[in-house]
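Taking it in order: structure first as structure tokens, then the write-up.
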Number of protein chains: 2
Amino acid sequence: MSDAKGIRILVVEDERPMRRFLSTTLAAREFVVVEAENLREARIAATAHPPEIILLDLGLPDGDGLDFTRELREWSRIPLIVLSARGREEDKVAALDAGADDYLTKPFGVNELMARIRVALRHGAAQEGGNVSEVLEIGPLRLDRVRREVLISGTLVTLTPIEYRLLLLLAHNAGRVLTHRQILKEVWGPNYVHQIHTLRVFMALLRRKVEPDPSRPRLLLTEMGVGYRMRDLWE
Amino acid sequence: MSDAKGIRILVVEDERPMRRFLSTTLAAREFVVVEAENLREARIAATAHPPEIILLDLGLPDGDGLDFTRELREWSRIPLIVLSARGREEDKVAALDAGADDYLTKPFGVNELMARIRVALRHGAAQEGGNVSEVLEIGPLRLDRVRREVLISGTLVTLTPIEYRLLLLLAHNAGRVLTHRQILKEVWGPNYVHQIHTLRVFMALLRRKVEPDPSRPRLLLTEMGVGYRMRDLWE
DNA sequence: AAAAGAGATCAAAAAATCATCAAAGACGGA
DNA sequence: TCCGTCTTTGATGATTTTTTGATCTCTTTT
């Protein structure tokens with residue numbers, strides 16, 4: 001557990017003894033602890049210099065912790081663990097659905113807390129993978145994410161919003177197969193996961209704009225029965 | 001909560017009443033439930049057609065659930081929630097550190113379980129593919145689960161969906177004999193367990209694509225009267 | 001050595017899945 | 001509101017995959 005070195009953790013807790021206990025415990029494990037004793041402070045701390053994980057006590061003096069959770073989730077996926085004295089099932093459900101990643105009922109064991117923090121950090125770390133630069137280059141394709149421009153072997157092609165997002169998603173995952181379901185969920189939203197036909201139409205449109213010979217695709221490959229993939233190996 | 005439509009969930013639980021309870025509860029919420037009553041079944045079920053989330057009871061008859069968790073984490077990040085009667089802190093820590101995403105102590109409320117499933121799915125959805133880039137290598141066979149690519153001594157072979165799932169299932173259980181029944185259930189679904197002929201046809205197709213000399217198989221071995229097995233020892 | 005059971009293989013029919021064009025519907029800006 | 005653009009839906013033919021049927025091989029048993 002010494003690998004917490006330097007990880008910023010925000011502790012939102014109004015009772016001083018509890019706050020101190022958490023702080024010293026966490027500091028001993030080499031976290032960098034930021035304290036907040038109410039929502040106002042928590043908001044400031046979370047925004048000014050976002051921590052890598054948040055521990056949130058419900059029942060704060062100046063507002064509802066669930067509101068804070070919902071607010072946070074509008075702009076961030078920072079892992080958040082709720083610590084609460086309330087152990088009723090409906091409290092847990094409410095907190096988890098508000099966007100919390102875990103819920104611990106007081107009193108809890110330190111070891112369990114630490115284990116759950118590790119889990120939350122694991123999730124956080126898993127999401128950061130895609131550190132892609134501003135321009136993607138795959139074979140003859142050149143994709144400028146800042147200017148939202150697409151060049152195919154040097155010449156500019158104009159794409160509609162959906163075409164662009166579709167191409168971007170595939171380029172971002174070049175080489176790996178994306179299922180129809182994944183693509184639809186990502187590009188159209190979770191309610192469209194069954195509209196495979198729409199996806200097919202757009203693949204045809206994209207190919208017409210991007211492939212030299214749309215009937216013999218070299219970049220946008222179909223994986224029969226599964227989905228699509230962008231080729232990433234070029235000799 | 002009706003947006004669970006079609007989401008595959010694997011329930012690993014040896015006690016029948018509990019298993020039935022979970023199944024009906026989840027089915028009512030439009031999950032597609034896959035059941036396993038021991039680790040052997042769980043391993044098989046998790047491979048050929050991976051579920052989107054797993055519920056795992058510890059204390060199964062044929063092995064330690066934590067070993068299963070660790071095994072799973074070698075090739076996949078499928079969300080996994082442990083359900084256990086053991087409520088001691090050290091049990092929780094052990095499970096979470098083995099790779100579980102959450103830990104519920106029995107008895108638990110259905111609503112809490114559902115809320116925690118939603119959280120787990122949220123995490124799963126957040127990270128694109130869900131699969132760790134881990135390649136399986138068995139003799140001349142090289143199997144990349146992320147790219148969904150199969151190489152046989154260096155050259156790429158293209159497989160149809162069923163061929164791929166079949167090969168994947170065998171590869172994941174290399175060295176172990178799988179009965180016709182098990183294979184059919186996992187690759188084709190529970191309604192096909194008697195269609196042995198179909199399985200034979202596909203084994204022939206696979207061998208033709210994967211074996212140097214299909215009539216003298218070195219990788220995909222027949223276990224007369226029982227099923228098939230992938231060879232796992234190579235000099 | 002014949003018969004029976006289990007397995008392999010080839011060819012076809014049947015069923016899914018895909019690509020494409022065209023038309024209808026939705027949306028946004030003049 | 002009208003028009004042009006973008007998105008969705010419908011219909012059709014082509015392609016690929018899966019299933020089924022028939023035949024042949026191998027092994028074991030009697």
Side-chain angles (χ1 to χ4, degrees), chain A residues 148 150 157-170 177-229, chain B residues 48-49 148 150 157-170 177-181 183-230:
Chain A
R148 200 184 167 287
V150 178
V157 294
T158 51
L159 301 180
T160 71
I162 290 191
E163 287 166 358
Y164 179 76
R165 278 194 293 174
L166 181 53
L167 189 67
L168 189 62
L169 176 65
L170 289 163
V177 179
L178 298 178
T179 65
H180 300 125
R181 202 191 166 90
Q182 285 175 315
I183 298 174
L184 286 161
K185 191 157 133 200
E186 201 63 37
V187 175
W188 277 266
N191 303 337
Y192 286 67
V193 288
H194 296 116
Q195 312 272 340
I196 300 189
H197 181 51
T198 305
L199 170 55
R200 292 215 176 94
V201 173
F202 271 85
M203 284 305 295
L205 291 172
L206 255 189
R207 280 172 171 157
R208 202 152 60 178
K209 293 187 175 179
V210 154
E211 295 278 2
D213 177 1
S215 65
R216 224 170 278 89
R218 297 176 47 71
L219 183 69
L220 301 170
L221 312 179
T222 111
E223 297 282 334
M224 279 277 199
V226 185
Y228 294 92
R229 120 163 90 184
Chain B
H49 191 167
R148 200 177 172 285
V150 178
V157 294
T158 52
L159 302 180
T160 71
I162 290 191
E163 288 166 359
Y164 180 77
R165 280 196 265 160
L166 180 53
L167 188 67
L168 192 60
L169 177 63
L170 290 162
V177 181
L178 299 178
T179 66
H180 300 125
R181 203 190 165 78
I183 297 174
L184 285 161
K185 183 174 164 211
E186 285 316 318
V187 176
W188 277 266
N191 304 334
Y192 286 65
V193 287
H194 297 116
Q195 312 268 342
I196 301 190
H197 179 53
T198 305
L199 171 55
R200 293 216 174 94
V201 173
F202 271 86
M203 284 305 296
L205 290 172
L206 256 189
R207 280 171 171 157
R208 200 155 61 179
K209 291 186 176 181
V210 153
E211 294 278 3
D213 177 2
S215 64
R216 222 169 278 87
R218 297 174 48 71
L219 183 69
L220 301 170
L221 311 179
T222 300
E223 297 285 336
M224 287 272 273
V226 186
Y228 293 94
R229 165 170 71 93
M230 182 178 286

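Chain identifiers are assigned alphabetically (A, B, ...) following the order of the sequence lines, protein sequences preceding nucleic acid strands; residue numbering begins at 1 within each chain. Remember, predicted model here, so these are calculated numbers, not experimental data.
Considering every non-hydrogen atom in both A:Met203 and A:Leu170, the closest pair reads SD-CD1, 4.1 Å. A:Ile183 and A:Leu169 get closest at one heavy-atom pair: CA-CD2, 3.9 Å. Closest of all the heavy-atom pairs between A:Glu163 and A:Thr158 is OE1-O, 4.4 Å. Scanning both residues, A:Phe202 and A:Thr160, for their nearest heavy atoms gives CE2-OG1, 4.4 Å.
Atom CG of B:Leu219 is separated from atom CG of B:Leu167 by 7.5 Å, given to the nearest 0.5 angstrom. Rounding to the nearest 0.5 Å places CG of B:Leu199 at 9.5 Å from CG of B:Leu206.
By the 4.0 Å N-to-carboxylate-O rule, B:Arg218 lies too far from B:Glu211 to be salt-bridged with it.
Dashed line: the shortest gap from a side-chain N or O of A:Tyr228 to OP1 or OP2 of C:dT17 is not under 4.0 Å. Close to C:dA8, at under 4.0 Å from its OP1 or OP2, lies a side-chain N or O of B:Arg207. Residue B:Arg208 has no polar side-chain atom (N or O) positioned under 4.0 Å from OP1 or OP2 of C:dA8.
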B/S/- along nucleotides 15-21 of chain D (protein heavy atoms under 4.0 Å) is -SSSBBB
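Of the possible donor and acceptor atoms, none in the side chain of B:Arg207 sits under 3.5 Å from a partner among the backbone N and O of B:Pro214.
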Tabulate atom names and distances for all N/O pairs under 3.5 angstrom spanning the protein and nucleotides 23-30 of chain C.
none

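In this structure, A:Tyr164 reaches neither bases nor backbone, as no heavy-atom distance under 4.0 Å exists between it and the strands shown. Among the protein residues, B:Val187 comes within range of no part of the nucleic acid, since none of its heavy atoms lies under 4.0 Å from any strand.
Distance A:Ile196 CD1 to C:dA16 P: 14 Å, rounded to the nearest Å. Between the NZ atom of A:Lys209 and the P atom of C:dT20 there is a distance of 15 Å, given to the nearest Å. Spacing between atom CD of A:Glu211 and atom P of C:dC18 amounts to 17 Å, rounded to whole angstrom units. We find that CG of A:Leu199 is positioned 13 Å from P of D:dT9, with the value rounded to whole Å. Atoms CG (A:Leu166) and C1' (D:dT7) sit 13 Å apart, rounded to a whole Å. In this structure, A:Asn191 atom CG and D:dT8 atom P are separated by 12 Å, rounded to whole Å. Computed from coordinates, the A:His180 NE2 to C:dA16 P distance equals 16 Å when rounded to whole Å. Straight-line distance from the CZ atom of B:Arg216 to the P atom of C:dA8: 14 Å, rounded to whole Å.
B:His49 is linked by a ring-ring contact (aromatic ring centres under 6.0 Å, His included) to nothing, counting only residues two or more places apart in sequence or in another chain.
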